[in-house]
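See structure below.
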Amino acid sequence: MDIEQKQAELIDHFVNQASTLKASAIWPLIIEATSHPSLFAFSEILSTPTVSELEGTENSLCLDVLRLFAHGTWSDYKSNAGRLPQLVPDQVLKLKQLTVLTLAEMNKVLPYDQLMQELDVANVRELEDFLINECMYAGIVRGKLDQLRRCFEVQFAAGRDLRPGQLGNMLETLSNWLATSDNLLVSIQEKIKWADSTSELDKKHQKDVEDRVEEVKKSLF
Amino acid sequence: TTSTDTSFLSDAIFHYDEAAQTKFQQEKPWSNDPNYFRRVKISALALLKMVVHARSGGTIEVMGLMQGKTDGDTIIVMDAFALPVEGTETRVNAQADAYEYMVDYSQTNKQAGRLENAVGWYHSHPGYGCWLSGIDVSTQMLNQQFQEPFLAVVIDPTRTVSAGKVEIGAFRTYPEGYKPPDDPVSEYQTIPLNKIEDFGVHCKQYYSLDITYFKSSLDCHLLDLLWNKYWVNTLSSSPLLGNGDYVAGQISDLAEKLEHAESQLAHSRLGPLMAPQRKKDEESQLAKITRDSAKITVEQVHGLMSQVIKDILFNSVRQ
Amino acid sequence: ENSLLRQVSSLLRRLPAIESEKFQDDFLMEYNDTLLIAYLAMFTNC
């Protein structure tokens, strides 16, 4: 939520700019957006009419780059490097940060080896520096670096832009969660009722026993 | 009433009328009635500070002073501050070590515009309940001789965690030799075996006051802001894990009490020769043990319930 | 609203909160221990 608050203004700024610029002048804006150190979300810019109209035109590569940053990873760029324009260092950094977010979506415990492979990092020290300086300090992930087990335990990762088809999964998960919570509440209510009725029965039984004791005492006297 | 009116009314309690307080001090209505003060109102700020201080002491008793005013038969505690002393149950007058600090603090307060005087002292009984020991009673009697009106508050930070609510008691002692007309009716609480004598000998020398709480409109706003943080802390913690030592101590104490009761029951084979009153005392001893064991069990079951509920809510949902 | 969707996505990724065999073992052990204590306490009560 902090990340969203931080980048809300930036998103508005870039969306406004994208709305006013012509298609031919959009590329510098896309470079600026994808290089910005505090911006990790691009679906709003993608959905502006100026940008979405780039599909199938001579500037469609700009759209592809923006889509890469919205949904893709560093590996995706490497496998399409021939087709896509060269990225500037800031864009490379941004893409690697977004790659960490994608990996954190799939697993909570990320082995160092996997991270080093995905991020093209030579050694553990460099990887840890990257995770600490570029990811944790940027506020996009929170977690623990376990040097003994050589893994990164992710406690929190900022959300990336949704891929097509992801919404269905999310809705299903939320429905399941809601159903579980509702069932739990019903169970708790039932247990409360059971506890109350058992307590009433118990009190009644105790009173009956005491009355019986009094009766017997009186009859003895 | 508008929300502004309501907040004005709730904040009015914070106004300090020096003339009225001075007049009250001169009249001394408590000198004719040992039970004059019946109620205590503690501010949210004072309560938080006292509980946090008590909890920070761990298993060591800590103490502090409370500042406030009076309003008829009510002592109002506006604020509290910690004193640099520890282990208050081991010495006759632990406060003596902190006199200089108390005087400095009070003077600085007045200079800063805080006009309230000291209206009481608080200390902690980690894990053994809210009551006054022999040392506490003599300390409070001394305070009530020279510093009236004065209140004694006891907080149990360990039981606060295990019970999930603040364990706190406010007390005032009777004058030396005074016999109260009726036996004070107080809520039952478990007393460990090693403290039971100290508790029993002095329990009739003081009475407890009803405690209520109040907060300012700013306190309300700040507490609302902290609501989420409070829930994160509550959900992240577990009394089963955090209070393990205390529970082990409780169970051990229960076992000792059972042995004690068992040995007394063994002697009662003299049955018919024993006075009926003594038999009744033993039954109530067993009844107390039963109640203590039920309380320990219930707290454990509560802790387990919260763990199970958290597991269902947060661990059973998958993508 | 994309911002809300991203936040929801981030939240759902955090579930389940803990998922490991060691946690299950510890949790079930704690569960059993507490139920055993409650059972013993019932006996003592009786």
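Quick caveat: nothing in here was measured; it's all calculated off a predicted structure. Chain identifiers are assigned alphabetically (A, B, ...) following the order of the sequence lines, protein sequences preceding nucleic acid strands; residue numbering begins at 1 within each chain. Computed from heavy atoms alone, side chains included, the values below leave out hydrogens, waters and symmetry copies.
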Original post:
Taking the side chain from C:Arg6 and the backbone from A:Ala158, do they hold a donor-acceptor pair closer than 3.5 Å?
Top reply: no
Subject >> Any C:Asn2 side-chain heavy atom under 4.5 Å of A:Leu162 side chain >> reply: no
Subject >> Per-residue contact mode, C:Leu11 against chain A (heavy atom under 4.5 angstrom) >> reply: side chain
Original post:
Does a sphere of radius 6.0 Å around OH in C:Tyr39 hold more than 12 heavy atoms from other residues, nucleotides or ligands, not counting ones at 6.0 Å or beyond?
Top reply: no
**OP:** Report the C-alpha distance between C:Ser9 and A:Met170 in whole Å, list the side-chain angles of each, state the deciding distance to 0.1 Å, and finish with yes or no for side chain to side chain contact (heavy atoms under 4.5 Å, CB included).
**Re:** CA-CA 7 Å; C:Ser9 164; A:Met170 267 173 53; 3.8 Å; yes
Original post:
Is the CD atom of A:Gln117 crowded by more than 12 outside heavy atoms at less than 6.0 Å?
Top reply: no
Original post:
Does A:Trp177 have any ring-ring contact (aromatic ring centres under 6.0 Å, His included) partners at least two apart in sequence or in another chain, and if so, which?
Top reply: none
Original post:
Can you say whether C:Leu12 sits under 4.5 Å from chain A via the side chain, the backbone, both, or neither, judging by heavy atoms?
Top reply: side chain
Original post:
Which heavy atom of A:Gln155 sits nearest a heavy atom of C:Arg14, and at what distance?
Top reply: O-NE, 3.1 Å
Original post:
Hey, what do you get for OG (C:Ser10) to CD1 (A:Ile140), rounding to the nearest 0.5 Å?
Top reply: 11.0 Å
Subject >> A:Ile11, part contacting chain C, at a heavy-atom distance under 4.5 Å >> reply: side chain
Original post:
Out of A:Ser47, A:Ala104, A:Ala41, which one racks up the most heavy-atom pairs below 4.5 Å with chain C?
Top reply: A:Ala41
Original post:
A:Tyr137: what forms a ring-ring contact (aromatic ring centres under 6.0 Å, His included) with it, not counting sequence neighbours?
Top reply: none
Original post:
Around atom OH of C:Tyr31, are there more than 12 heavy atoms of other residues, nucleotides or ligands at under 6.0 Å?
Top reply: no
Original post:
Atom CZ in C:Arg13, atom CG in A:Asn107: separation rounded to 0.5 Å?
Top reply: 11.5 Å
Original post:
A:Lys108 side chain to C:Ala17 main-chain N or O, any donor-acceptor pair under 3.5 Å?
Top reply: yes
